[in-house]
Amino acid sequence: MNRLKKSYFERDPITLARDLIGCRFVRIIDGIEIVGEITETEAYGDATDLASHARFGETKRNNVMFHDEGILYIYQIYGIFYLTNIVAGPTGKPGAVLIRSAQIIKGMERAQEMTNQSKFVKANKDLAIGPGKFSLAFGMNKAVNGISLTDSSTVFIEAKEGTPDIIESKRIGVDYAGKSANLRWRFYNANNEAVSKR
DNA sequence: ACATGGATTCGCT
DNA sequence: GCGAATCCATGTT
């Protein structure tokens, strides 16, 4: 048990995204603990990143991106899925890290139950692989938007042990983003199968 | 007020 | 490789 502190999140999203690989995401629902090792992340920057929601300036939807580091930014897409993001630093600049995948290491049954609440996804061996499925498995929805990972007793992140081998690649699904589309801001664990794409 | 389309996933082709 | 599912913030009348 070594929960990440506020200062950990007060770094730029690229550094944070890379460093979160291997950390443990912990979620407690109705007293049941679901734990997963983070295997895949993406960094989203400020207004100069044409794939980032911050490019619209501060709005009703994305305002948490502009505030405290270490809080959750939950965003719904396609009317169906929620995506889990963590607000990054440096202080005063918008930025976030998208959690794309995790390997469940505790609370598998509860994670399957949460996933099966979706009309569109059935829990299978690829549980929590892909940002929509990650959010389902860990019960991340708009109710947790704005919650701080450094304060909450029901959702937080623990430090990793060791140093995983990390592969970087271009982000998924951002081909529309012009000059930002090919930035290699996606990171995943080279030795873990629980990622959405190789 | 209203139209648009998205940081996705699945199932069928 | 493509279409559908389906919500709501955003941008446009």
Side-chain angles (χ1 to χ4, degrees), chain A residues 9 12-18 20-21 25 36 38-67 69 71-88 93-104 111-147 149 167-189 193-198:
Chain A
F9 300 103
D12 70 89
I14 299 139
T15 304
L16 180 60
R18 175 183 277 278
L20 283 172
I21 301 294
F25 194 93
I38 297 170
T39 55
E40 181 183 2
T41 61
E42 285 179 2
Y44 287 86
D46 61 17
T48 63
D49 174 6
L50 301 180
S52 174
H53 286 176
R55 73 187 185 279
F56 302 119
E58 186 170 344
T59 66
K60 187 177 176 186
R61 179 176 63 170
N62 69 13
N63 71 85
V64 301
M65 275 184 86
F66 290 74
H67 294 104
E69 296 84 3
I71 65 180
L72 291 165
Y73 171 38
I74 308 295
Y75 161 72
Q76 188 181 32
I77 190 158
Y78 304 125
I80 301 175
F81 296 109
Y82 291 100
L83 303 197
T84 301
N85 299 259
I86 299 167
V87 176
K93 287 187 79 174
V97 174
L98 170 67
I99 308 295
R100 290 189 56 90
S101 303
Q103 181 177 44
I104 307 277
Q112 285 172 341
E113 271 176 44
M114 299 300 294
T115 300
N116 282 331
Q117 287 176 12
S118 166
K119 218 168 127 182
F120 299 96
V121 181
K122 280 278 161 281
N124 60 18
K125 69 182 178 60
D126 292 336
L127 203 65
I129 298 178
K133 292 194 290 188
F134 172 87
S135 299
L136 279 171
F138 286 85
M140 307 298 288
N141 55 44
K142 67 181 180 181
V144 296
N145 186 47
I147 288 180
L149 293 167
I167 294 176
E168 51 186 77
S169 70
K170 61 177 283 197
R171 293 175 291 181
I172 307 291
V174 297
D175 289 341
Y176 63 86
K179 67 183 171 66
S180 303
N182 292 315
L183 294 171
R184 297 176 71 79
W185 284 5
R186 170 172 172 257
F187 305 95
Y188 61 91
N189 187 325
E193 293 300 310
V195 300
S196 61
K197 287 184 179 176
R198 291 267 156 198

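Below, chains carry the letters A, B, ... as their sequence lines are ordered, and counting in each starts from 1.
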| note | A:Pro13 and A:Gly45 have their tightest heavy-atom pair at CG-CA, 4.3 Å

| query | A:Arg171 and A:Ala43: which non-hydrogen atoms are nearest, and at how many Å? | reply | NH1-O, 2.9 Å

| Canonical and wobble pairing (Watson-Crick, G-U, under 3.5 Å) of DNA chain C, dot-bracket with | | |||||.||||||.

| Within this structure, what is the CD-to-C1' distance between A:Glu40 and B:dT9, rounded to whole angstrom? | 14 Å

| query | Residues in side-chain contact (heavy atoms from CB on, under 4.5 Å) with A:Ser118, at least two apart? | reply | A:Phe120, A:Val121, A:Leu136

| note | All heavy atoms of A:Gln103 vs all of A:Thr39, minimum pair found to be N-CG2, 3.9 Å

| task | Would you kindly compare A:Phe120 and A:Thr59 by the position of their nearest DNA chain C nucleotide and give the one closer to the 5′ end? | result | A:Phe120

List the atom pairs, with distances to 0.1 Å, where a side-chain N or O of residues 78-86 of chain A and a protein N or O form a donor-acceptor pair under 3.5 Å, not counting sequence neighbours.
unit_1: A:Thr84; atom_1: OG1; unit_2: A:Ser135; atom_2: OG; d: 2.8
unit_1: A:Asn85; atom_1: ND2; unit_2: A:Tyr73; atom_2: O; d: 3.2

| Mind checking the C1' distance from B:dG5 to C:dG3? Whole angstroms is fine. | 15 Å

| Where do A:Leu16 and A:Ala88 come nearest, in terms of heavy atoms and distance? | CD2-CB, 3.7 Å

| If you walk 5' to 3' along DNA chain C, what is the first nucleotide with an atom under 4.0 Å of a heavy atom in chain A, and what is the last? | C:dA5 to C:dG11

| said: Using the C1' atom as the point on both nucleotides, what is the distance between C:dC8 and B:dC10, in whole Å? | reply: 23 Å

Please produce a list of atom pairs where a protein N or O lies less than 3.5 Å from an N or O of nucleotides 6-8 of chain B.
unit_1: B:dA7; atom_1: OP1; unit_2: A:His53; atom_2: NE2; d: 3.2
unit_1: B:dA7; atom_1: OP2; unit_2: A:Tyr176; atom_2: OH; d: 2.8
unit_1: B:dA7; atom_1: N7; unit_2: A:His53; atom_2: NE2; d: 3.2
unit_1: B:dA7; atom_1: N1; unit_2: A:Asn85; atom_2: OD1; d: 2.3

| said: I'd like to check the side-chain contact (heavy atoms from CB on, under 4.5 Å) partners of A:Arg18; sequence neighbours left out, ordered by chain and number. | reply: A:Ile166, A:Glu168, A:Phe187

| said: Is the shortest side-chain heavy-atom distance between A:Leu183 and A:Lys170 below 4.5 Å? | reply: no

| Take atom NZ in A:Lys60; do more than 12 heavy atoms of anything else shown fall under 6.0 Å from it? | no

